[in-house]
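Notes follow once the structure below has been shown.
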Amino acid sequence: MLMSAFCFASFLCAVAARPSFSYMENHFSVDTESEEIRSAAIKRLLEVFGMDDPPAVHGRKQPPQYMLDLYNTVADVDGVTKDPNLLEGNTVRSFFDKTRSEQVEYRFNLSTVARTEKVLTAELHLFKLRPQATPTFNRHHFCQVSIYQLLDAARANGTQDRKLLSSRLVPVHSSGWEVFTITQAVRSWMADEGSNLGLHVVARTLGGSPVEPKLVRFASGRNHHQSKQPMLVLFTDDGRRSTTLQSTGGAAAVASLPPAPLAGSAARRARSVDSGEEAEASRSCTRLPLYVDFDEIGWSGWIVSPRGYNAYHCKGSCPFPLGQNMRPSNHATVQSIINALKLIKGIETPCCVPDKLFSINLLYFDDEENVVLKQYNDMVAGSCGCH
Ligand SMILES: *[C@@H]1O[C@H](CO)[C@@H](O)[C@H](O)[C@H]1NC(C)=O
Ligand SMILES: *[C@@H]1O[C@H](CO)[C@@H](O)[C@H](O)[C@H]1NC(C)=O
């Protein structure tokens, strides 16, 4: 919409500046066409990242520290997966409590989770505050913290209005994050959205009596700093798998490859058609930089990290004889021999293509401004070979 308004504005400018209508008309149609290609290309790129539309982000919030730390654990500075075995699934979603109530009740809106997404683990992260009152019963160093799933009593035959999900001893004087696993409850909410009535947290003494609320407190979204908000963390798998090459290794494997110039100006040079182009084409198959800049694409508003990544590209010739450094398949070796012998017409030399691909990680805001970490397979050419 904005873009078409912009096109129309430039059309009007062109009318004022150009006396020849036919020239201007041609000029305009070319612009429209390239704009169409651009938007089709961006749409296709969004599909690669599993989205229909770019998330609408209204004023950026601070992402939860937990998600930033998780991202830095699984990804290197370029977003490339350090170790593919660190995450069980390929998606981690964080949600903030929607009730923001004063009570120890929490509710998370899971509408952004796709129906097809498989919930592997769900964790409730609560920030325990220091006791406000000095405990009158100093002999109790621990309390029992229990997480209940609220149920619709009418639906559950009126027998139960809550179900125990998780329970643990927590030191009364401690402060910091406490994590409770609540996977079963989240799975039931995913199966029936209407059943999501929220969670209730109860703290008791070891004897089973209720603990004074001033003694055992958890931060709420309403009264405490954003960095201490109750949070639901969902580890899921969206079922998207690599369909082509096996994605082996991670950044460690990248490191073992011959160093290629990184990012920035080198990448820009590689993209532009310059005088070095011909010389490059005659070079044998090699891996060259290809920097994908999310800022240039216009995605920096919703992507937290990385700002871009080096996808690399494969370029060069695969002439006979193919050395082992070109990592040829047997098929490619035979094809290059047939080509060299000119036994059959129309058989080209093999192609220089990625033969190892790595995944990257994206930390981004979704439509509801929840922070999501997602792994995408086959995004970075780890090495190139003649195939
Ligand atoms: C969850 O969020 C969606 C999208 O904003 C909204 O349509 C839906 O009503 C919300 N559900 C609840 C239970 O608040
Ligand atoms: C509700 O109660 C009826 C009869 O007591 C029983 O047959 C049924 O299985 C119960 N349903 C649930 C969901 O517990």
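Note that ligands are numbered from 1 as they come in the structure, with each ligand's atoms numbered from 1 the same way.
- Applying the under-4.5 Å side-chain rule to Ile, Leu, Val, Met, Phe, Trp and Tyr, the cluster around I338 extends to F320, V334, I337, L341, L343, I344, I347.
- F218 has its ring centre no less than 6.0 Å from the ring centre of F127.
- In summary, the side chains of Q149 and S195 do not present any donor paired with an acceptor at a separation below 3.5 Å, with no hydrogens or angles considered.
- The pair K118-D238 fails the salt-bridge criterion, with no side-chain N (NZ, NE, NH1 or NH2) lying under 4.0 Å from an Asp/Glu carboxylate O.
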Check ligand 1 for close polar pairs with the protein: N or O on both sides, less than 3.5 Å.
unit_1   : atom_1 : unit_2 : atom_2 : d
ligand 1 : 2 (O)  : N109   : OD1    : 3.4
ligand 1 : 2 (O)  : N109   : ND2    : 2.3
ligand 1 : 2 (O)  : S111   : OG     : 3.3
ligand 1 : 5 (O)  : E368   : OE1    : 3.2
ligand 1 : 5 (O)  : E368   : OE2    : 3.1
ligand 1 : 11 (N) : N109   : ND2    : 3.0

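- Within 6.0 Å of CD in E193 there are 12 or fewer heavy atoms belonging to other residues, nucleotides or ligands.
- Ring centroid separation for the pair W302 and Y364 comes in under the 6.0 Å cut-off.
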